[in-house]
Amino acid sequence: MDEQQAFFSRELLRWYHENRRDLPWRRGHNPYYTWVSEIMLQQTRVDTVIPYFERFISKFPTATALADAKEEDVLKAWEGLGYYSRARNLQAAAREVKERYAGEVPDDVAAVSSLKGIGPYTAGAIMSIAFNRNEPAVDGNVMRVLSRFFRLHDDIAKPSTRVKIEKVARALIPDGHASHFNQALMELGALTCTPKSPSCLLCPVMEHCEGRLAGEELLLPIKTKAKPPKPEVRFAALVEGMGRHEGQLLIRKRPDTGLLARMWELPHVLAQKQTSKGSTTQEAAMDQVRELLFQEGIHAEPVEAYCDAEHTFSHIQWQMRVYRCKALSEMALPPGYAYIEREHMAEYAFPNLFVKLIQGYFEEQQSVRNG
DNA sequence: AACGCGGGGAT
DNA sequence: ATCCCAGCGTT
């Protein structure tokens, strides 16, 4: 360890000793508390997590208690925290801990890493914080602090950068002080070396911070922005049933894999570009809807433009033009298709944009009927 | 390597 | 109202 590294570790630990926050999971040394708190803290701020953590621990005080709980009770305790697969994975892992490790979180990095929901960061956090093992725990805070202090220009959005920074972080751990050191690193990122306006003048390691000395503290860490979602114009068919399907709407189920797997939706198709400018005339759009219905084996035809709707995913933005269509017969439905009425919407899982579209349609129909 | 997964705070 | 935050599992 060179002088700059030794300085960093020494001063950071000294600072942490006086500035650490008193958090519920820091009272005592319970590996289960560390584990639960680290899962909750993924993508979630400390202030939000505290009340959830207190309630969760009082309901499920041990890994075995969590393993024995009903999943719906666990999800209920997680309600509002978001990313609910964290809760399912946490309980699945608790069941494995109960079965394979007699209900005790194993003091073994390979065993901890193999548990559901525990990736490289969380494994390092548990091993270091709970068991004081010399494992790095590199989260976004740590990448920011170390990128600035050592003036690393690697793109922290790349997975390979986390691996590189883990090597840097591992080398900095003062032997026998992994628990406090790793927590100190994250605490500094949360309290002082913040993303937008770091409080460099209050920082215990500012004298040797290469990023600040180079005037780059606001430039670092380098992080490529996610590319903006690619717009996709789509034409959707709002098919109104006839005869015994009067007042009902035609929906279809998405494929088993990929985007929105097994969710229900209105039938729609990616727009084919009609002009050099990429725009599409009303007639051409209706033709494409007619072609969609034909291809899908649906005996119906477009009537008129109904509305526009937009939905943004991480990489795609759907710009949907919805065409009202009318069924021309009480045809047999192709596989994966169904007619739906207002009262039965709760039985089908729809992405939000279709919930809005379909509910909007039914409400409009009802107000028409009510005069 | 790209993508999906919620909610909250900052602006 | 819009931007930003960010670890893990799946594909």
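Here is the naming used below: chain letters follow the sequence lines, and residue numbers restart at 1 for every chain. Values below: every heavy atom of this structure, side chains too, minus hydrogens, waters and symmetry copies.
A straight line from CZ of A/R144 to C1' of C/dC5 spans 10 Å, rounded to a whole angstrom. Regarding A/R45, its CZ atom lies at a distance of 18 Å from the P atom of B/dG6, rounded to whole Å. C/dA6 atom C1' lies 14 Å from atom CD of A/E38, rounded to whole Å. A/I126 places its CD1 atom 13 Å from the C1' atom of C/dC8, with the value rounded to the nearest Å. A/W35 places its CH2 atom 16 Å from the C1' atom of C/dG7, with the value rounded to the nearest Å. Across the protein-nucleic acid pair, A/D47 atom CG and B/dG8 atom C1' stand 11 Å apart, rounded to whole Å. In this structure, CE of A/M40 is placed 14 Å from P of B/dG8, rounded to the nearest angstrom. When the P atom of C/dC8 is taken as reference, atom NZ of A/K116 falls 15 Å away, rounded to whole Å.
Rounded to whole Å, the P atom of C/dT11 lies 16 Å from the corresponding atom of B/dG6. Taking the P atoms as reference points, B/dT11 lies 14 Å from C/dA6, given to the whole Å. Comparing the C1' positions of B/dG9 and C/dC8 gives an interatomic distance of 23 Å, to the nearest angstrom.
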request  = Return one dot-bracket line describing DNA chain B 5' to 3' (Watson-Crick or G-U wobble pairs, both distances under 3.5 Å; ( ) same strand, [ ] crossing, | another strand, . none).
outcome  = |||||.|||||
request  = Just do the salt bridge (Lys or Arg N to Asp or Glu O under 4.0 Å) check on A/D73 and A/K76 with the steps written out, would you?
outcome  = CA-CA 5 Å; A/D73 293 338; A/K76 193 69 190 167; over 6 Å; no
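Side-chain N/O atoms of A/Q295 and A/E291 include a donor and acceptor closer than 3.5 Å. No hydrogens or angles considered: nothing links the side chains of A/R100 and A/S114 as a donor-acceptor pair under 3.5 Å. For A/R342 and A/Q366, the side-chain atoms include at least one donor-acceptor pair closer than 3.5 Å. Under the 3.5 Å distance criterion, with hydrogens and angles disregarded, no donor-acceptor pair is assigned to the side chains of A/Q5 and A/S9. Side-chain N/O atoms of A/Y361 and A/E240 include a donor and acceptor closer than 3.5 Å.
Exactly one of A/Q288, A/H268, A/Q282 qualifies for a side-chain hydrogen bond (donor to acceptor under 3.5 Å, both in side chains) with A/Y323. That residue is A/Q282.
With rounding to the nearest 0.5 angstrom, the CZ atom of A/R252 is 7.5 Å from the CD1 atom of A/I298.
Formation of a donor-acceptor pair under 3.5 Å by the A/Q4 side chain with backbone atoms of A/H208 is found in this model. Between the side chain of A/R26 and the backbone N or O of A/R21 there is at least one donor-acceptor pair closer than 3.5 Å.
As judged by a 4.0 angstrom heavy-atom cut-off over every strand, A/I39 is placed among residues making no nucleic acid contact. Backbone-only engagement by A/T122 is indicated by non-hydrogen atom pairs under 4.0 Å involving sugar-phosphate atoms exclusively. As judged by a 4.0 angstrom heavy-atom cut-off over every strand, A/P195 is placed among residues making no nucleic acid contact.
Listed candidates were C/dA6, B/dG9, C/dC8. Nearest to the side chain of A/T48 is B/dG9. Among C/dC8, C/dA6, B/dG6, the nucleotide with an atom closest to any side-chain atom of A/Q42 is C/dC8.
Using a 4.0 Å cut-off between charged nitrogen and carboxylate oxygen, A/E301 and A/R290 do not count as a salt-bridge pair. Salt bridge annotation for A/E135-A/R133: absent, with no cationic side-chain nitrogen under 4.0 angstrom from a carboxylate oxygen. Electrostatic pairing of A/R20 and A/E187 does not count as a salt bridge here, judged by no charged N lying under 4.0 Å from a carboxylate O.
Where A/Q43 and A/K196 each meet DNA chain B at their nearest nucleotide, the meeting point lying more 5' is that of A/Q43.
Taking the salt bridge (Lys or Arg N to Asp or Glu O under 4.0 Å) definition, one finds that A/E304 meets it with A/R324, sequence neighbours left out.
Residues from residues 145-160 of chain A that place a heavy atom under 4.0 Å from any atom of DNA chain C: there are none. Within residues 71-98 of chain A, the residues approached by DNA chain C to less than 4.0 Å at the level of any non-hydrogen atom are A/Y83, A/N89, in residue-number order. Contacts with DNA chain C (heavy atom under 4.0 Å) in residues 127-142 of chain A: A/D139, A/G140, listed by number.
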Which atom pairs, one a donor and one an acceptor, fall under 3.5 Å between side chains of residues 45-57 of chain A and the rest of the protein, sequence neighbours left out?
{"unit_1": "A/Y52", "atom_1": "OH", "unit_2": "A/E79", "atom_2": "O", "d": "2.9"}

